[in-house]
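One-based numbering, in listed order, for ligands and for the atoms of each. What you see is a predicted model; the values in this text were computed from it and never measured. Below, each value reflects all heavy atoms present in this structure, side chains not excepted, and no hydrogens, waters or symmetry copies.
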Amino acid sequence: MFLRELTQDLRILKGTGPATLRALANLDVHTVADLLLHLPRDYEDKTRIVPISRFSEGKVYTTAQVLRHEWFGFGRMRTLKIVVADSSSEAALLCFNRPFLEQMAPVGSTVQIYGKFQFKYGEIQSSAFEIQRVDGALNLKPNLEINLEIKPEIALSPLYSLSERLNQMALRRMVGLALSKFAPHIEDELPPTLRASHGFPPKSEALRAIHFPSSWEAATRAHDMLAYEELFYFQLGIALRIRSRRARVIERKPCPGVLARQLRERLTYALTEDQESVLKEIVEDMHKPYPMARLLQGDVGSGKTIVAILAALHAVERGGQVAIMAPTELLARQHATIAAHLVEPLGVRLAFVTGSISNAARPPLLAALKDGEIDIAIGTHALFSEDVSFKNLELVIIDEQQRFGVLQRIALYKKGHIPDFLMMTATPIPRSLALTFFGDLQVSTIQHLPPGRKPVVTHLAHEDRRRTVYEFTREKLKEGRQAYFVYPVISGSERHDLRDAESMASHLAKDVFPEFKVGLLHSRLADEVKMEVMTKFAAGEISILVATTVVEVGVDVPNATVMVIEHAERFGLSALHQLRGRIGRSSHQGYCFLVYSKDLTEEGRLRLKALYETTDGFAIAEEDLKIRGPGDMLGIEQSGDLRLRIADMRTDFELLKKARHDAFGIIESDPSLSGPDHEVIRQVLTRANPFSEK
Ligand code: ADP
Ligand code: MG
């Protein structure tokens, strides 16, 4: 039996009542397999009793009496405070969102406490603690583990994520039951030689050890085994996907690169070394007998657009069509304008395709695409709507692919007819994600910006210092530069506690910068209005552009050198980095002001700090991964298919590399997985592997 085949309902574990089942269902734990995969988030280390008075040495682990209950805060925010004391000291337990502890730890009861404490507001207190009543009132057996003479093999107890009313004790009991009933039947999913070569324990043993380890080492070993197995199958799925893509044979027509050469002659600058080398990689791919799947990453302003256009010309020259897709209409139009300027003189036929094309214009446009009268179509996702078809689509280029999300990309693949595929991103992808969620792509990187760019100077400004920011901006505007002011919401009706783009646009125009022209840009404006504002800003007719994050990606107005972001703490790290990338695009010095308000969360503070400390997009991406985690970063949190349950992208990078190496090695040496040692892999793939091709 494979672990995931343990689909029995949890009622099979005797003594499990409906309340517990409901609480578990809230945690998305429904079956025995779910329960065994509900891994501890930490362990309680009872080898050492730490009384309250020694809280500064690490986590407190002690037995205490409940002295009294107090409440603080008002209304719905009322919070319970349980005051306890052990033989060393008194301490306060702040029960945020846990009012039910009132009943579970009544005054006078004896409790076991585990958690991190600190000295604050004149008392020793904790808001992150485990509490367990130990004087029998809960109808649980007295906890033997409280005994100081702890047997070494039960030194660590699992600490699970809980939902309301579920307690550690109940969960431990259930997991223990499930393990004793099912663990002996759980089969290994890794080939035996592979497991042996890494010195991993069998899976059944690893499962026992991850829940009830005999030591920290045993817990780590168990985690490594399970995480490796998960990553191995994830990588195997990728290797198989690459294999099937490469099985498709494309007949390539010759392409001497005449058009591209003609364009290069018209450019006012020379390509950088990095641009040359990524272009070479792309063009080489376009000569291989199977479709390209490449990701071009390069920080904001590194010059990806021209590389994409040159690649497109190679496809056009041999009679193919190219689709260039951008996430916003604004950016698509900017690309179309640039491309028209560059390639129409060479006789290349362009079209602009978005959802807002009028009904009258649509049929002839679609017909032209279908008949091959258009060489390059530039647009939004409307390029891939049902009614659009191409005569000979050879190359698809997706700009700012991070805005489309991993799931949309995979959906596009599944349409099946994607020929050469080039994705571009200005949000560098952390190494671990490059090997997993983007692991089927070849990656090209532009490391260095074109010469002459100065790094943007970043200032953190408390909102009280807003005046200074305005005065600084005024100086730059007087010198002929332009500025962006970005706000988190469009209008005051959304959030009255935040500054919004609409009211700030009129405030800035009337009260602050009456001598300059101010424009407003946000997603709810009509397309013509957006275009008009953008054109005026690009032409320098507007000095200040007040906007929301619509200007986040792609917008290229080199004369704009000041970026003011209000409520900066509310934006994500990559959004801030992208916004900052709008400036510093010329030889004039760029300045970015991150204006923050007083109620700054810890996470918000970390983001601003990261942005302040570096302008290196790669470092920022790694930091973003640490703060947010991969699910949130890639927008796949809700996607069971892609979620890794055991491995942690932030800490398991070495395991990931091993797993990738092993999986790719196996597919290379035994493409049909027919070797006797690979029997188990065949079994896993046929008996429902979440990461395999569906
Ligand atoms: P991104 O990689 O963010 O898409 P763009 O392609 O918009 O960057 O390029 C940013 C700016 O740099 C554009 O104005 C472009 O014309 C300019 N540029 C691109 N390549 C070079 C180069 N080799 N030398 C000088 N300027 C360049
Ligand atoms: Mg770009």
Applying salt bridge (charged side-chain N to carboxylate O under 4.0 Å, His left out), run through Asp420 and Arg294 and close with a yes or a no.
CA-CA 9 Å; Asp420 285 327; Arg294 188 169 283 277; over 6 Å; no
Return the option from Thr305, Val300, Thr425 holding the heavy atom at the smallest distance from atom 5 (P) of ligand 1.
Thr305
Consider ligand 1: state whether an atom of it lies below 4.0 angstrom from any non-hydrogen atom of Arg453.
yes
Can you find a non-hydrogen atom of Gly581 under 4.0 Å from ligand 1?
no
Would you indicate whether the side-chain heavy atoms of Phe618 and Gln297 approach each other to under 4.5 Å?
yes
Check the pair Glu566, Arg466 against salt bridge (charged side-chain N to carboxylate O under 4.0 Å, His left out), reporting the backbone distance first and the verdict last.
CA-CA 9 Å; Glu566 289 261 8; Arg466 193 175 281 123; 2.7 Å; yes
Taking N or O atoms only and a 3.5 Å limit, does Lys304 qualify as a polar contact for ligand 1?
yes
Side chain, backbone, both or neither: the part of Ser302 lying under 4.0 Å from ligand 1 by heavy atom:
both
Atoms of ligand 1 close to Thr272 [distance to a heavy atom under 4.0 angstrom, numbered from 1]:
23 (N)
List the steps and the verdict of side-chain contact (heavy atoms from CB on, under 4.5 Å) for Ile397 and Met325.
CA-CA 6 Å; Ile397 298 175; Met325 177 163 84; over 6 Å; no
Which one holds for Ala426 and ligand 1: side chain close, backbone close, both close, or neither close, with close meaning a heavy atom under 4.0 Å?
neither
Check the pair Glu515, Arg474 against salt bridge (charged side-chain N to carboxylate O under 4.0 Å, His left out), reporting the backbone distance first and the verdict last.
CA-CA 10 Å; Glu515 71 272 41; Arg474 190 188 316 280; 2.8 Å; yes
Min side-chain heavy-atom separation His577-Asp624 under 4.5 Å
no
For Arg585, take its heavy atoms, then give the atoms of ligand 1 lying under 4.0 Å from any of them.
3 (O), 7 (O), 10 (C)
Does any non-hydrogen side-chain atom of Lys609 lie less than 4.5 Å from one of Glu613?
yes
Apply the test salt bridge (charged side-chain N to carboxylate O under 4.0 Å, His left out) to residues Glu532 and Lys536: give CA-CA distance (whole Å), side-chain angles for both, the deciding distance (0.1 Å), then the verdict.
CA-CA 6 Å; Glu532 194 192 318; Lys536 281 190 175 158; 3.3 Å; yes
Between Gln275 and ligand 1, which residue portion shows a heavy-atom distance shorter than 4.0 Å: side chain, backbone, both, or neither?
side chain
Hey, is His335 touching ligand 1 through its side chain, its backbone, both or neither, going by heavy atoms under 4.0 Å?
neither
Any cation-pi pair here, Arg660 with Phe664, using under 6.0 Å and within 45°?
yes
Measuring from atom 9 (O) of ligand 1, which candidate in Pro558, Gly303, Gly298, Gly452 has the nearest non-hydrogen atom?
Gly303
Is it the side chain (CB and beyond), the backbone, both or neither of Asp556 that lies under 4.0 Å from ligand 1, heavy atoms counted?
side chain
Using distance alone, determine whether Pro451 and ligand 1 share an N or O pair under 3.5 Å.
no
